Novice: 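Quick one: this structure, given as structure tokens, is what I'll be asking you about.
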There are 2 protein chains.
Amino acid sequence: MKKITIGEAARRSGVKVPTVRYYESIGLLAAPSRSEGNQRSFEPADISRLAFIRHARELGFEIEAIRTLLTLQDDPNQSCASADAIAKARLVEVEQRIRSLMALKAELEMMVESCGHGRVDQCRVIEVLADHGQCTHSHH
Amino acid sequence: MKKITIGEAARRSGVKVPTVRYYESIGLLAAPSRSEGNQRSFEPADISRLAFIRHARELGFEIEAIRTLLTLQDDPNQSCASADAIAKARLVEVEQRIRSLMALKAELEMMVESCGHGRVDQCRVIEVLADHGQCTHSHH
DNA sequence: TCTTGCACCTCTAGTCGCTAGAGGATGTAG
DNA sequence: CTACATCCTCTAGCGACTAGAGGTGCAAGA
């Protein structure tokens, strides 16, 4: 029966105070009960839910995906096929993003290495940006 | 003296029409001259500039960084130290992002592989999200 | 010449996931 | 009783666009 304030909930879950209120406002977290003075009073279950959301956000899941995952969690008799599909889709996204960033890294390294540190008109950084044909990787 | 319409400029530079107007509105691209009927009329130099911006955006440079790079390009007597610093900073960011995404990838793979495709109450995907302590990597 | 239809114009508002700030109420320690 | 931190609601802002409304320009076919 000890009341958990929003600050305490934020500290324990690792979600910032305004973000907790934001999650409540978009219906990701049920509105908690209030104290006499209208201050939010959270339950331990709310802390778990916030930690779940935070971890999912750190993994890059979008809010709508998290909403679905939370619905699944609330109803544990369901098949986990949806959760699996969401995680798989996210994995594909992450792999794609890594591939793309590796290409960018290569291009940036080339730019930086070949910069003679002279004047701009001899600078490869500027030059490569100005003429995509000069760079080794092609997008799409 | 052939006039380049905004559609043509978009097609040639690979930047979308509304985005061209947006770049003009934030001063990244000088306002072009207009036809009698008030339609934008671009020069070939504008196409190059748009292509430069597009390429830099693909490399993940922020608009303000691109603004600096464009200023450097416009003034080729300057030292390219600034351009070099911007590219180097971006390289560090990209490397950091790749490291972080690799960790996420590992965690997602573990989640997906250990999903037994049964009911949600046996689902690792949900479980791992609910309890960060179970996962192999730690953030921060 | 007329008309069809696409491309263009401006302007406002929406996207996502927060974050910052104003202006005020509450709760607690000394 | 007085500080002072923490809480409340509300609105607006961030970056980098994107979408839509409501209207105008322009080139080509009938």
Side-chain angles (χ1 to χ4, degrees), chain A residues 1-29 31-42 46 49-70 86 89-90 93 97 139, chain B residues 2-29 31-42 46 49-70 86 89-90 93 97 104 139:
Chain A
M1 284 310 173
K2 56 192 178 296
K3 60 196 163 188
I4 304 172
T5 66
I6 195 168
E8 182 70 2
R11 206 181 49 70
R12 287 207 222 162
S13 66
V15 175
K16 287 182 202 157
V17 169
T19 308
V20 174
R21 285 195 278 252
Y22 170 70
Y23 288 160
E24 183 189 324
S25 81
I26 61 167
L28 214 53
L29 189 71
S33 57
R34 298 290 183 122
S35 77
E36 281 216 6
N38 198 34
Q39 302 202 349
R40 287 172 183 81
S41 180
F42 294 90
D46 295 322
R49 198 172 175 96
L50 282 169
F52 183 109
I53 296 169
R54 181 187 143 227
H55 190 194
R57 286 294 300 139
E58 278 170 351
L59 286 170
F61 288 96
E62 291 173 5
I63 295 288
E64 286 317 302
I66 295 172
R67 201 187 292 277
T68 306
L69 289 169
L70 284 167
I86 291 169
R90 179 66 194 142
E93 272 171 39
R97 190 86 186 108
H139 307 289
Chain B
K2 57 193 174 300
K3 61 197 163 188
I4 304 174
T5 67
I6 195 169
E8 182 71 2
R11 204 181 50 70
R12 287 205 223 164
S13 66
V15 175
K16 287 184 204 155
V17 169
T19 308
V20 174
R21 285 195 278 251
Y22 170 69
Y23 289 159
E24 183 189 324
S25 81
I26 61 168
L28 212 52
L29 189 71
S33 57
R34 300 288 183 123
S35 75
E36 283 218 1
N38 197 34
Q39 302 202 348
R40 287 171 182 82
S41 181
F42 294 91
D46 297 321
R49 197 171 175 96
L50 282 169
F52 183 109
I53 297 169
R54 182 188 143 227
H55 192 195
R57 286 294 299 136
E58 278 170 350
L59 287 170
F61 289 97
E62 291 173 6
I63 294 289
E64 286 318 300
I66 296 173
R67 203 187 290 278
T68 305
L69 290 170
L70 284 167
I86 291 169
R90 179 67 194 141
E93 273 170 38
R97 191 87 186 106
L104 300 190
H139 307 288

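Lettering follows sequence order; numbering is per chain, from 1. All values derive from a computational prediction rather than experimental measurement. Side chains are part of it too, since the values below use all heavy atoms of this structure and drop only hydrogens, waters and symmetry mates.
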Novice: In whole angstrom, what separates I26(B)'s CD1 from dG13(D)'s C1'?
Specialist: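 Going from I26(B) (CD1) to dG13(D) (C1'), I get 16 Å.
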Novice: Can you check the K16(B) NZ to dC17(D) C1' distance for me, whole Å?
Specialist: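 About 9 Å, once rounded to whole Å.
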Novice: In whole Å, I'd like the distance from the CZ atom of F61(B) to the P atom of dC17(D).
Specialist: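 Computing the F61(B):CZ to dC17(D):P distance gives 15 Å.
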Novice: For dT6(D) and T5(A) - does any side-chain N or O of the residue sit under 4.0 Å from the phosphate oxygens OP1/OP2?
Specialist: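 Result: no.
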Novice: Report yes if a side-chain nitrogen or oxygen of S35(B) is closer than 4.0 Å to either non-bridging phosphate oxygen (OP1 or OP2) of dG25(D); otherwise report no.
Specialist: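 Indeed not, no polar side-chain atom of S35(B) lies that close.
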Novice: Rounded to the nearest 0.5 Å, what separation is found between the CG atom of L50(A) and the OG1 atom of T19(A)?
Specialist: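 So the gap between those two atoms works out to 10.0 Å.
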Novice: When you measure from the side chain of R57(A), which nucleotide among dC17(D), dG17(C), dC7(D) comes out closest?
Specialist: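 Nearest to the side-chain atoms of R57(A), counting from C-beta on, is dG17(C).
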Novice: Let me spell it out: for each of Y23(A) and G37(A), pick the nucleotide of DNA chain C with the closest heavy atom. Which residue's pick is nearer the 5' end?
Specialist: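 The residue whose closest nucleotide sits nearer the 5' end is Y23(A).
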Novice: Are the side chain of R49(A) and the backbone N or O of L29(A) linked by a donor-acceptor pair below 3.5 Å?
Specialist: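 No, because the side chain of R49(A) does not come within donor-acceptor range (under 3.5 Å) of the backbone of L29(A).
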Novice: From the options dC8(C), dG27(C), dC8(D), select the nucleotide whose nearest atom is closest to the side chain of R34(A).
Specialist: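 The listed nucleotide nearest to R34(A)'s side chain is dC8(D).
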Novice: Does the pair R12(A)/E8(A) count as a salt bridge with the N-to-O cut at 4.0 Å?
Specialist: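 Here R12(A) pairs with E8(A) in a salt bridge, since their nearest N and O are under 4.0 Å apart.
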Novice: What is the distance, rounded to the nearest whole Å, between atom CD1 of I66(B) and atom P of dA16(D)?
Specialist: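 Taking atom P of dA16(D) as the reference, CD1 of I66(B) is at 8 Å.
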Novice: Would you say a side-chain N or O of R21(B) is under 4.0 Å from OP1 or OP2 of dT10(C)?
Specialist: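 No, outside the criterion.
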Novice: Does R40(A) reach a base, just sugar-phosphate, or nothing at all? Heavy atoms under 4.0 Å.
Specialist: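 Sugar-phosphate, backbone atoms only, no base.
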Novice: What is the distance, to the nearest angstrom, from the CD atom on E36(B) to the P atom on dA7(C)?
Specialist: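 Nearest whole value for this atom pair: 23 Å.
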Novice: Can you tell me if the side-chain N/O atoms of T19(B) get under 4.0 Å from OP1 or OP2 in dA16(D)?
Specialist: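 Answer is no, no contact under 4.0 Å.
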Novice: Send over the distance from N38(A) CG to dT9(D) C1', rounded to a whole Å.
Specialist: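 Atom-to-atom, N38(A) to dT9(D), this comes out as 9 Å.
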Novice: Salt bridge (charged side-chain N to carboxylate O under 4.0 Å, His left out), that's the test. Do E24(A) and R21(A) meet it? Break it down for me.
Specialist: CA-CA 5 Å; E24(A) 183 189 324; R21(A) 285 195 278 252; over 6 Å; no
Novice: Measure from CD on E64(B) to P on dG15(D) and round the result to the nearest Å.
Specialist: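 Nearest whole value for this atom pair: 7 Å.
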Novice: Drop me the distance from T68(B)'s OG1 to E62(B)'s CD, to the nearest 0.5 angstrom.
Specialist: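 Here the rounded value is 10.5 Å.
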Novice: Nearest of dG27(C), dC26(D), dT9(D) to any side-chain atom of Q39(B)?
Specialist: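 Nucleotide nearest to Q39(B)'s side chain: dC26(D).
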Novice: To the side chain of I63(A), which of dA16(D), dC9(C), dC18(C) is closest?
Specialist: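 Of all the options, the side chain of I63(A) is nearest to dC18(C).
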Novice: Considering only side-chain heavy atoms of K3(B), which listed nucleotide, dT18(D), dA27(D), dT19(C), is closest?
Specialist: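 Of all the options, the side chain of K3(B) is nearest to dA27(D).
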Novice: To the nearest Å, give me how far apart CZ (F42(B)) and P (dC8(C)) are.
Specialist: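 Roughly 10 Å, once rounded to whole Å.
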